[in-house]
Protein chains: 2
Amino acid sequence: MNNIKNLIDDKGVKPTYHRIKILEFLQNNKNHPTADKIYEEIVKYIPTISKTTVYNTLKIFVEKEIIEELTITGNETHYELTEDTGPHHHFYCTQCKTIFDIEAECNQECSKKNDIDGNKVQSYQCYYKGICCNCLRKNNNEMNN
Amino acid sequence: MNNIKNLIDDKGVKPTYHRIKILEFLQNNKNHPTADKIYEEIVKYIPTISKTTVYNTLKIFVEKEIIEELTITGNETHYELTEDTGPHHHFYCTQCKTIFDIEAECNQECSKKNDIDGNKVQSYQCYYKGICCNCLRKNNNEMNN
DNA sequence: GTTCATATTTGTAATCATTACAAATATATA
DNA sequence: TATATATTTGTAATGATTACAAATATGAAC
């Protein structure tokens, strides 16, 4: 709670109750939620919160690089904390729509560049799309029945 | 023209006039156009074409892996030919909204995997977001005036 | 060539995430 | 306490994409 407050404060963002709760949720949910998912969960605890506030807050957090946005699926943005856990890739399962982390065993150097060919880099993302192992197994079981 | 016809035919897609023109456009425009941009240009030559046809066609092409979709910006999908030019990254300028290729000097091996940790890979993308060198220069000039 | 089944295309309406915007509320400052 | 500023809220608008049914074209069988 307090470290979250400081995290926001340090970036020059006023740590309001709403903002703290949203960041807290992202810290406890590493499954790359969408704005809508965040709203659905937060509204259980803050019934008066509006979806616009969630969008506004997420936008501020992205600008301040407190969180990062993942644009993988094409129709909704997912969010994650700007982690201290080092660079990682993402896997998006087109069947169950889940996004999960993939250890980035290669291109560590790419992720650290803040300049490439004279262009100023603000963020770097890599993602795989495909069928996750859970769905593969499920599909296989259904085939054999 | 004929090679495009064959390219479509080989993938089991009937090479209709619309489909050939759409693929032809993508072959001549390497600037990662959106569905809307493709429609705008094609409709000049085929005034009766509908936007739905463009979307349908692009979807078929993606399924057959004739083209690839880039989901970078979060609010619209960009398309490019599944190139024979080897893997590359993309740079998205948040100021001028341009997408251009970046030579992939690292992680060549990642892009070739069709299995990662037991998950079946269908596509792989890496992108940078930031300010391109043209916009940087422009911004700099404006500052000095 | 005609008939029939199928594939493709079209146009319109719906969907859904996100944003715009102005009013309402809370917060901080004098 | 009064006033300015920041935050939050609710509603309406936007815009890319999809759903869907009707219209049209294509191809095979006769």
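Per chain, numbering begins at 1; letters A, B, ... match sequence-line order.
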Could you tell me whether B:Thr48 contacts a base, only the sugar-phosphate backbone, or nothing, with contacts defined as non-hydrogen atoms closer than 4.0 Å?
sugar-phosphate
A:Tyr17 side, atom OH; A:Ile46 side, atom CD1 - distance, nearest 0.5 Å
5.0 Å
Linking directly or through intermediates, with side-chain heavy atoms under 4.5 Å: list the remaining ILVMFWY members grouped with B:Leu136, chain and number order.
B:Ile131
Which comes earlier along DNA chain D counting from the 5' end, the contact point of B:Thr34 or that of B:Lys14, where each point is its nearest nucleotide?
B:Thr34
A:Phe25: partners by ring-ring contact (aromatic ring centres under 6.0 Å, His included), with sequence neighbours left out
none
For a quick test of reading the model: is some side-chain N or O of A:Thr77 closer than 4.0 Å to OP1 or OP2 of C:dT18?
yes
By nearest heavy atom, map A:Glu76 and B:Ser50 onto DNA chain C; which one lands nearer the 5' end?
B:Ser50
Residue pairs, two or more places apart or on separate chains, that pass salt bridge (charged side-chain N to carboxylate O under 4.0 Å, His left out) and touch residues 48-58 of chain B
B:Asp36-B:Lys51
Rounded to whole angstrom units, what separation is found between the CG atom of B:Asn75 and the P atom of C:dT18?
10 Å
Rounded to whole Å, the CD1-P distance (A:Ile46 to C:dA26) equals 14 Å
Contact interval (first through last nucleotide) of DNA chain D with protein chain B, 4.0 Å heavy-atom
D:dA16 to D:dC20
Tell me, with the steps shown, if A:Tyr92 and A:Tyr127 meet ring pair (Phe, Tyr, Trp, His ring centres under 6.0 Å).
CA-CA 7 Å; A:Tyr92 171 61; A:Tyr127 59 78; 8.4 Å; no
Hey, can you tell me if A:His32 and A:His90 have their rings parallel, tilted or perpendicular (30° and 60° cut-offs)?
perpendicular
Please list, by residue number, the residues of residues 52-65 of chain A whose heavy atoms come closer than 4.0 Å to an atom of DNA chain C; answer none if no residue qualifies.
A:Thr52, A:Tyr55
Taking side chain as C-beta onward, heavy atoms only, is B:Val121 less than 4.5 Å from B:Asp115?
no
Mind checking what makes side chain to side chain contact (heavy atoms under 4.5 Å, CB included) contact with A:Lys64, not counting sequence neighbours?
A:Lys11, A:Val13, A:Ile60, A:Ile66
